[in-house]
Amino acid sequence: MFNTLKNRFEQGYRTSAYPKEKIALWRRYRGLPQIHKDASAELAAECADLCPQNAIDPVRRLIDMGRCVFCGTCERISNGAFVSFTNDFEISVAEKEHLLTDGSLPSLADHSRQHFKKLFGRSLQLRQVSAAGCNACEADLNVLATPFFDLARFGINFVASPRHSDAIVVTGPVSRNMKTALLRTYKATPDPKVVIAVGSCALTGGPFRGSPEITEGLDTLLPVDLYIPGCPPHPLSNLHALLTFFK
Amino acid sequence: MKTDFLEIENGRKLARDEIPHLGFDEFRHQALDIVKDGGKVIHYFAYPEGGDMKLMAVLRTDRLLAAGCDAPEAYPSFTAECEPFHIFEREIAEQFGIRPEGHPWLKAVRYHANYRGKPDVFGNDYAEDIPGNYEYYAVESEEIHEVAVGPVHAGVIEPGHFRFNCIGERVLHLEIQLGYQHRAVENLLLNADARRLPIIAESIAGDTSVGNSLCYSQAVEALSSVAPDKGAQVIRTIALELERIANHVGDLGALSGDVAFLPPANYCGRMRGDFLNMSLLLCGNRFGKGLVRPGGVCFSLADEVRNILDERIKEIKPQVRHVAELLFSTPSVLSRFEDCGAVSLSDAEKLGLVGPAARACGMPYDARRCFPTEHYKRLDIPEYALPSGDVYARAKVRGDEVMQSINIIQSLINGPVETDCVNGKIPALEPSSFVVTVNEAWRGELSHCVLTDAEGGILRYKVKDPSFHNWNGLAMSLRDTGISDFPLNNKSFNLSYCGFDL
Ligand code: SF4
Ligand code: SF4
């Protein structure tokens, strides 16, 4: 008993004050990319050429955050002169075309669906479907239940059955072997239902694009309402997306 | 024992024609001899070359051994005589349609058509959903009931199907069907543009990003004769240990939650996050993605970073120790952990278990000690194993490894670490070469094996996750165990679905 209490004191209070207070992530974290339009065409072309995800459009000078895995290669190659990453983790969007960015994002709050806010603003139950990614996206959704993030204090929970859920949260590039299970889970969720795509895999196939065993974009199977980019998205990106879109 | 298998070194390139190419009968005979004599299988796979199929085996005793042969279309199964080959033979049958006659349990591994368009060994029509033409094991009696769980589970977990045959609460048999996460990673690694490979390797299993990027990078380094400097080796070692700590700590918390002892569950959940954030401190990603690349690392351990890391570790170390002490001294926890889901040493040997799950059954093998890479060559990893094979042993081994890893990291950051960061460009590979890389990831022996063709293209990229060995260990631990103890056993192994499914 004494030991239990001693540990309790040592652990202290750990819950974050976000979103009331801003959190500044460590500068090596790669959040929202910034494109520098004044960089030379050669540099832009070189970055596009070395990007493992073909995520850079060097002519229009845009990054596709749906494809990007935030590996940092473009920033390193251009020494920050063409692309640099900010530590801004608030990078989710409600329309797929908004994933193509030069560093300015439309406000997610303005693009969220008002009837969702009314329906789910006070209580939101999520059913997660893990479909063939690398499990890091799942891991950084799971941590939302730990004391630092404490998702439940916002009335948001992950639930065990799609029948009890308002939204499905899909991670991974939806393998052929997972497709039926995903579609059945979607079907079992009562209307109106929200579909949230988390991570580069679910957005575009991510690192696995080109494999005949996967689907290149969840939106080719289901109507997606909310896109959370990253590989994996930082837990705060997930938290920001959920709070801004539904609250 | 005299053998024609060639002794090889971890992460050292060989010309492919140096590897003994035996007649099939000789190959079979010698591979069986080595493994029956206590050797273990690291790799056993098939690959096509020219219009022919070949087999390659990489085995370990206290050394690494390799040999190959021409593959017959069908052959007498090794498994019938020697169990550790069981899943490798199933994989070969699934990938290339080569039939091991008399295999005692010839079942699909990941459920996909073979790559050669040969008649399917399992009689599956892949237009149908998994598991296709397969009837699960069923224990027959009026009193038996079956419990089927998954592929979609109740939590935020990867998909897999579990089929329990129970009498009352007691599990007689658990069968695990995986394959839902199959993305054809090995084929992607074979066909994708070279600049994509590090990203794919890191995404084989995200909780083992560092482990897989190490295996991949070491393979490319061997095949292109570039080498990381000493500082990069230190940073890689730190990253692999951080990955180990984060996963072990998280699972200790999950185990505690499963026996309804909530304080450590919450503390460990939070502390795991702190360790993930240390990986973010190193490289900007909580899973270490983007850090390790052929030739070294992409991020330095500048003094500023090193000092922050040092401070964070100093702060958290006593907390981790105290929570572990609390967990392992609480009677209600021990009464659930002890004697739960024991796997015997002899079963562990036959299944070829690796990593903490094997060390918990009395098998001290640790690749960091036996075949060290990176900075492990200069570290003294102690020989360690517990005998009981139960949840307690698996948890305890992992708890002790956490403290050991913290000490390793502290010893590596008490002075400046200098490295020339690499920019991530991928060097060209030497033709007609072979390399195998082995690292002790947090779940155990992780290995990649790469063969190049005459032009320096990749001819075969083989990945083996420790879970490939260990899933059957979990199934075995449930024999004669209460079904309500499944979560506990599952967490004590915490195996990878995507690492297995590839
Ligand atoms: S950070 Fe994104 S855009 Fe830049 S190279 Fe990596 S994947 Fe491409
Ligand atoms: S998006 Fe990245 S982190 Fe998420 S599942 Fe895919 S590979 Fe893993």
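A, B, ... follow the sequence lines: proteins, then strands. Residue 1 opens every chain.
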Trace of the side-chain hydrogen bond (donor to acceptor under 3.5 Å, both in side chains) decision for B/Asn277 with B/Arg286: CA-CA 6 Å; B/Asn277 287 338; B/Arg286 284 159 51 91; 2.9 Å; yes
Check your understanding: Under the 3.5 angstrom rule, does the side chain of B/Arg195 hit a backbone N or O of A/Asp49 as a donor-acceptor pair?
Key -> yes
Tell me whether A/Thr86 contacts the main-chain N or O of A/Asp88 through its side chain, where contact means a donor paired with an acceptor under 3.5 Å.
yes
Can you say whether [X] sits under 4.5 Å from chain A via the side chain, the backbone, both, or neither, judging by heavy atoms?
| X | result |
| --- | --- |
| B/Leu291 | neither |
| B/Tyr497 | neither |
| B/Leu282 | backbone |
| B/Arg272 | side chain |
| B/Asn266 | both |
| B/Thr330 | neither |
| B/Cys283 | backbone |
| B/Leu188 | side chain |
| B/Phe287 | side chain |
| B/Arg196 | both |

Quick check on the interface: out of [options], who has the most heavy-atom pairs with chain A under 4.5 Å?
| options | value |
| --- | --- |
| B/Asn285, B/Asp207, B/Leu276, B/Asp193 | B/Asn285 |
| B/Pro151, B/Cys498, B/Ala192 | B/Cys498 |
| B/Asn191, B/Ile199, B/Ile130 | B/Ile199 |
| B/Ala154, B/Ala265, B/Gly290 | B/Ala154 |
| B/Gly150, B/Gly206, B/Gly269, B/Ala205 | B/Gly206 |
| B/Ser496, B/Ser300, B/Gly253, B/Pro318 | B/Ser300 |

What part of [X] gets closer than 4.5 Å to chain B, counting heavy atoms only: side chain, backbone, both or neither?
| X | answer |
| --- | --- |
| A/Val159 | backbone |
| A/Ile214 | side chain |
| A/Thr146 | side chain |
| A/Ala145 | neither |
| A/Thr185 | side chain |
| A/Cys201 | neither |
| A/Asn79 | neither |

Cation-pi check, [X] to [Y]: give yes when NZ or CZ is under 6.0 Å from the six-membered ring centre and within 45° of the ring axis, no otherwise.
| X | Y | result |
| --- | --- | --- |
| A/Arg127 | A/Phe158 | no |
| A/Arg76 | B/Phe299 | yes |
| B/Arg183 | A/Phe208 | yes |

Any side-chain donor near an acceptor of the partner, [X] and [Y], under 3.5 Å:
| X | Y | result |
| --- | --- | --- |
| B/His112 | A/Glu213 | no |
| A/Asn177 | A/Ser175 | no |
| A/Asp166 | A/Gln125 | no |

Tell me whether B/Arg293 is salt-bridged to B/Glu202, with the criterion being a basic N under 4.0 Å from an acidic carboxylate O. yes
Tightest non-hydrogen contact, residues A/Ile91 and A/Ser237, listed as CG1-OG, 4.2 Å
Does the side chain of [Y] come within less than 4.5 Å of [X]'s, by heavy atoms?
| X | Y | value |
| --- | --- | --- |
| A/Gln34 | A/Phe85 | no |
| B/Glu243 | B/Ser209 | yes |
| B/Pro263 | A/Arg8 | no |
| B/His153 | A/Gln128 | no |

If we define contacts as heavy-atom pairs under 4.5 Å, which of [options] has the most with chain B?
| options | value |
| --- | --- |
| A/Phe149, A/Phe70, A/Tyr29, A/Trp26 | A/Trp26 |
| A/Asp140, A/Thr180, A/Leu141 | A/Asp140 |
| A/Val174, A/Leu50, A/Thr73 | A/Leu50 |
| A/Pro212, A/Cys51, A/Gly230 | A/Cys51 |
| A/Ser161, A/Gly72, A/Gly133 | A/Gly133 |
| A/His234, A/Arg27, A/Gln53, A/Lys6 | A/Arg27 |

Requested in this report: Give the C-alpha distance, both sets of side-chain angles, the deciding distance and a yes or no for side-chain contact (heavy atoms from CB on, under 4.5 Å) between B/Ile316 and B/Met271.
Outcome: CA-CA 8 Å; B/Ile316 205 169; B/Met271 294 191 298; 4.0 Å; yes
**Message:** Would A/Leu25 and A/Leu236 count as a side-chain contact (heavy atoms from CB on, under 4.5 Å) here? Give the steps.
**Reply:** CA-CA 10 Å; A/Leu25 288 175; A/Leu236 286 168; 4.0 Å; yes
